[in-house]
> 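One structure coming up, written as structure tokens, with questions to follow.
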Number of protein chains: 2
Amino acid sequence: MATKVFIVDDHYMVVEGIRSLLQNEKGIEWTGHAMNAASCLAFLQRQQPDIILMDINLPDKSGIDLCREVKEKYPSVFIIGLSTFNQQSFIQKMMDSGASGYVLKNATQEELMEAISVVIKGKIYFSDEASQVLTKADVNPILLTRREKEVLELIAEGLTNNEIAQKLFVSPTTIDTHRKNLLAKFGVRNTASLIRDATKLQFI
Amino acid sequence: MATKVFIVDDHYMVVEGIRSLLQNEKGIEWTGHAMNAASCLAFLQRQQPDIILMDINLPDKSGIDLCREVKEKYPSVFIIGLSTFNQQSFIQKMMDSGASGYVLKNATQEELMEAISVVIKGKIYFSDEASQVLTKADVNPILLTRREKEVLELIAEGLTNNEIAQKLFVSPTTIDTHRKNLLAKFGVRNTASLIRDATKLQFI
DNA sequence: CGGTTTATCCTGTTTTTAAGGGATTGCCGC
DNA sequence: GCGGCAATCCCTTAAAAACAGGATAAACCG
């Protein structure tokens, strides 16, 4: 029985590229594509593919959220993340949300086919580059607590410690401590480079 | 005579997508593709296509730089920018570097064909979305002076006013004024949101 | 030429952060 | 039950940045 594959990606050229890569494969049945999260969910109500290739950047919702939602409603559908970015936190979040694999958009036909065949067996697949990124990331991961992330975002919004404290119903000194810890975790000296690094590492 | 088209993009799936979109078009001759700037330049030494579809994000060099270089050496080759981002400054820089058009990767086959046929005549083509972005950007452009950009980058590096002043051989109060002007131009209250907005708008 | 922009510099005051030092509570896993 | 971590809170001092309201010389441009 052929493996039913569905694509969610807002870039027409990528959809065409994948279709062209898969069209001559015998074990693959192309069931269609969606350009956004909403039409993906609508499609799933009618029929479920075996595998969804899912972009991380969608116009209406992040692929990470869509991934979680799909896995909740249809646990038997396997999801392979698809992205141009080989960014540690993205890959990690995608896997945390229930994805079974991750492939970069510069993958070859062979890699894509291998990913599909591995994932359909219930195993996990990483593209070489993605796993390189992950292992590199493990050497020096910046792990923030929920509260720290919250504070970090409010700092980026331009709020002062006092304003953040009011918003979160805590003392300004608490925010000061969180700030202190954020600077330490990122290994920077001040807010400017904190925000810059946090942005580059996709925390904001 | 068929229009010779060449692609520069490091994402295999996108290359495949474009190839598949163009392969049945009679007026188009696919002359090949490159995954990076270096092999693009190597190809051009042997033969010149009529049109290059060029990604903005390449592994070894930015598409903007490659665009400039190609136009210097081979002025008769038309270049169409290709990107997932519809980011004002990217589009602007690409056009400033000699590109004749700009197409987003979610373009349809029709759009792509229209872009090629318009550009080959020596005219300029913008995809609908790209031109929307440009006109929107014109309403509220943030124009920084050379000095302001310089200071902005040093702020993002985490330097204090005094350190920046030393580095640029000016008074700390001068840096303070530049900072004041940067905050005003971005319409923000402090460094944190300055860096955040500057990053989002690709100034850093 | 004359206006505009750019870059430079100044004197203040007030607010906000950074950097040190601690302390307490509650929760989780071993 | 104990160690570790997360989250909370406090103090002090010095540095840095924001805010206000200026001025001047040079370069750029129509």
Side-chain angles (χ1 to χ4, degrees), chain A residues 89 92-93 96 137-199 201 203-204, chain B residues 89 92 96 137-201 203-204:
Chain A
S89 58
Q92 196 54 61
K93 280 182 191 163
D96 291 346
D138 282 342
V139 176
N140 181 24
I142 295 180
L143 295 174
L144 302 184
T145 66
R146 232 173 314 155
R147 205 51 157 177
E148 283 167 347
K149 279 180 204 165
E150 210 169 348
V151 171
L152 177 59
E153 273 168 35
L154 293 173
I155 292 172
E157 294 284 332
L159 303 193
T160 66
N161 284 355
N162 285 328
E163 289 166 338
I164 297 172
Q166 276 191 5
K167 197 156 206 165
L168 301 182
F169 305 107
V170 295
S171 158
T173 62
T174 303
I175 306 302
D176 192 59
T177 307
H178 287 311
R179 220 172 172 132
K180 219 186 294 183
N181 294 333
L182 282 167
L183 291 178
K185 284 193 179 177
F186 278 85
V188 293
R189 288 167 25 184
N190 55 33
T191 307
S193 32
L194 171 67
I195 299 299
R196 169 165 146 280
D197 288 5
T199 311
L201 296 175
F203 283 103
I204 297 173
Chain B
S89 57
Q92 195 55 61
D96 291 346
D138 283 342
V139 175
N140 183 25
I142 295 180
L143 295 174
L144 302 185
T145 67
R146 233 173 313 155
R147 204 52 157 176
E148 282 167 349
K149 279 182 202 165
E150 209 170 349
V151 171
L152 177 57
E153 272 168 35
L154 292 172
I155 293 171
E157 294 285 331
L159 304 193
T160 66
N161 284 354
N162 286 327
E163 290 167 336
I164 297 171
Q166 276 190 5
K167 198 157 208 164
L168 301 182
F169 305 108
V170 296
S171 158
T173 61
T174 304
I175 307 301
D176 193 56
T177 307
H178 286 312
R179 222 172 172 129
K180 215 188 296 184
N181 295 334
L182 282 167
L183 292 179
K185 284 192 179 178
F186 278 86
V188 294
R189 289 165 33 189
N190 55 33
T191 306
S193 32
L194 170 67
I195 299 300
R196 169 164 146 279
D197 288 6
T199 310
K200 295 228 160 141
L201 295 175
F203 283 103
I204 297 172

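Everything numeric in this text was worked out from a predicted model, so none of it was measured. Residue numbers start from 1 in every chain, and the chains themselves are labelled A, B, ... in the order their sequence lines are given, proteins ahead of strands.
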> Figure out the CD/C1' separation between A:E163 and C:dT16, and round it to whole Å.
11 Å

> At their closest point, which heavy atom of A:S171 faces which heavy atom of A:A165, and how far apart are they?
C-CB, 3.8 Å

> Within this structure, what is the CG-to-P distance between B:L159 and D:dA15, rounded to whole angstrom?
18 Å

> I need the CZ-C1' distance between A:R146 and D:dT8, as an integer number of Å.
15 Å

> Is there a donor N/O on one and an acceptor N/O on the other, under 3.5 Å, for the side chain of A:T177 and the base of D:dC9?
yes

> Can you tell me which nucleotide in D:dG21, D:dC9, C:dA19 comes closest to the side chain of A:L183?
C:dA19

> If each of A:K185 and A:T174 is mapped to the nucleotide of DNA chain D with the nearest heavy atom, which maps nearer the 5' terminus, i.e. the 5' end?
A:K185

> Any heavy-atom pair between the side chains of B:T191 and B:R179 that's under 4.5 Å?
yes

> Tell me whether the OP1 or OP2 atom of C:dA18 has a side-chain N or O from A:R189 closer than 4.0 Å.
no

> For C:dT17 and A:R179 - does any side-chain N or O of the residue sit under 4.0 Å from the phosphate oxygens OP1/OP2?
yes

> Tell me what B:T145 touches on the nucleic acid: a base, only sugar-phosphate, or nothing, going by heavy atoms under 4.0 Å.
sugar-phosphate

> Whole angstroms only, please: what is the CG-P distance between A:L168 and D:dC9?
10 Å

> Any non-hydrogen side-chain atom of A:T145 less than 4.5 Å from a side-chain atom of A:H178?
no

> How many Å lie between NZ on A:K180 and P on C:dA23, as a whole number?
13 Å

> Please state whether the phosphate of D:dA18, meaning OP1 or OP2, lies under 4.0 angstrom from any side-chain nitrogen or oxygen of B:T191.
yes

> What contact category does B:N162 fall into here, base, sugar-phosphate, or nothing, at under 4.0 angstrom with non-hydrogen atoms?
sugar-phosphate

> May I ask you to say what A:S171 touches in the nucleic acid, namely base, sugar-phosphate or nothing, with a heavy-atom cut-off under 4.0 Å?
sugar-phosphate

> Please state how far atom CG in B:L152 lies from atom P in C:dA7, giving the value in whole angstrom units.
13 Å

> Let me know the distance between CG of A:N181 and P of D:dA7, rounded to the nearest Å.
10 Å

> Would you say that more than 12 heavy atoms from the other residues, nucleotides or ligands in this model lie under 6.0 Å from the CD of B:Q166, or not?
no

> Would you mind reporting whether B:I204 and A:T199 have side-chain heavy atoms less than 4.5 Å apart?
no

> Ignoring backbone atoms, establish whether A:N161 has a side-chain N or O less than 4.0 Å from OP1 or OP2 of C:dT16.
no

> Rounded to the nearest Å, what distance is computed from the NE2 atom of residue A:H178 to the C1' atom of nucleotide C:dT17?
16 Å

> Give the nucleotide from the list C:dC9, C:dA7, D:dA7 with an atom nearest to the side chain of B:R147.
C:dA7

